[in-house]
Student: 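Please see the structure below; I have some questions.
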Amino acid sequence: MQTRFLSRSLSVAVLGAALLAAASPGALASDWSVDHANSRLAFVAQQNGVPVEGVFSDWSAEITLDPADLSTARIVATVKTGSAATGQAQIDGTLPGAAWFDTAATPEAVFSSSSIKATGANAYEAQGTLAIKGKEMPFTLPFTLDIDGDAATAHAQVPLSRLAYGVGSDMPASTVAEDVKVVLDISATR
């Protein structure tokens, strides 16, 4: 359960970075800086039908976005998987282990965008790859974005399959749900 939450959290952190990268529609060739004090990368897993919530406290994002030319947009987000926490000692103690995030061998999860496109009013989609626990796979992050002057906020909720990345490999989906919801609430400035 804790492992699933961590994989979701990692995905949330990576997705959050992607959201920030896309949060610059009002700026040409702008670099965006994440306001960590007002941002949150969280995850929600289901263990025995009960939601378990967690956050990643250590992550970073490099975001460049020109709304006039999305072909130049780029997001690279890095999450320290060992920073995942649910506030539940048993789960938090399990997450760094080999069956979950295996932080000794793979301490980071990374999302790198290959493209970002507008999908509607204040709606975007970042496509790229997500690497967790040494497994890199295509990943799509849909999100909403609001810009006010030099400030932007992005929000997303997206499911992520923990088992596809080998997270919580010792925990069957009947105990900890395979899909973990990644929740992004990101604030950024240019």
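FYI, the numbering just counts along the sequence from 1.
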Student: Ile63 versus Asp31: any side-chain heavy-atom pair under 4.5 Å?
Tutor: no

Student: Grab the two heavy atoms, one from Leu70 and one from Lys117, that are nearest each other, plus how far apart they are.
Tutor: CD1-CA, 3.9 Å

Student: Please round to the nearest 0.5 Å and tell me the distance separating atom OG1 of Thr106 and atom OH of Tyr165.
Tutor: 13.0 Å

Student: Less than 4.5 Å apart, any side-chain heavy atom of Val158 and any of Pro142?
Tutor: yes

Student: Taking Ala42's backbone N and O only, do any of them form a donor-acceptor pair with Lys181's side chain (distance below 3.5 Å, no angle check)?
Tutor: no

Student: Would you sort out whether Ser161 and Glu178 count as a side chain to side chain donor-acceptor pair (under 3.5 Å), showing the intermediate values?
Tutor: CA-CA 6 Å; Ser161 170; Glu178 179 173 353; 2.6 Å; yes

Student: Where do Ala73 and Ile116 come nearest, in terms of heavy atoms and distance?
Tutor: CB-CD1, 3.6 Å

Student: Are the side chains of Pro51 and Gln46 in touch, meaning some heavy atoms are under 4.5 Å apart?
Tutor: yes

Student: Check whether any side-chain heavy atom of Thr189 lies under 4.5 Å from a side-chain heavy atom of Asp150, and answer yes or no.
Tutor: no

Student: Ser187 and Thr153: which non-hydrogen atoms are nearest, and at how many Å?
Tutor: OG-CG2, 3.8 Å

Student: If I compare all heavy atoms of Ser112 with all of Arg74, which pair ends up nearest, and what's the gap?
Tutor: OG-NH1, 3.0 Å

Student: Closest heavy-atom contact between Asp92 and Gly87?
Tutor: OD2-N, 3.0 Å

Student: Taking all atoms of both residues into account, what is the closest heavy-atom pair of Ile147 and Ala152, and its distance?
Tutor: CG1-CB, 4.0 Å

Student: Given Asp58 and Val79, is the side chain to side chain contact (heavy atoms under 4.5 Å, CB included) satisfied, shown in steps?
Tutor: CA-CA 6 Å; Asp58 190 357; Val79 178; over 6 Å; no

Student: Is Thr175 close to Asn48 at the side-chain level, that is, under 4.5 Å between some pair of heavy atoms?
Tutor: yes

Student: Is Leu141 close to Leu130 at the side-chain level, that is, under 4.5 Å between some pair of heavy atoms?
Tutor: no

Student: Does Lys133 reach the main-chain N or O of Gly166 with its side chain, forming a donor-acceptor pair under 3.5 Å?
Tutor: yes

Student: To the nearest 0.5 Å, tell me how far Ser113 OG sits from Gln127 CD.
Tutor: 10.0 Å

Student: Counting distance only, does the side-chain N/O of Thr78 pair as donor-acceptor with the main-chain N or O of Ser60 below 3.5 Å?
Tutor: no

Student: Backbone N or O of Glu125 within a donor-acceptor pair of the Thr119 side chain at under 3.5 Å?
Tutor: no

Student: Whether the side chain of Thr86 engages the backbone of Gly54 through a donor-acceptor N/O pair (distance < 3.5 Å, no angle test) should be reported.
Tutor: no

Student: Between Thr64 and Thr72, is any pair of side-chain heavy atoms under 4.5 Å apart?
Tutor: no

Student: Is there a donor-acceptor contact under 3.5 Å from the side chain of Thr144 to the main chain of Ala123?
Tutor: no

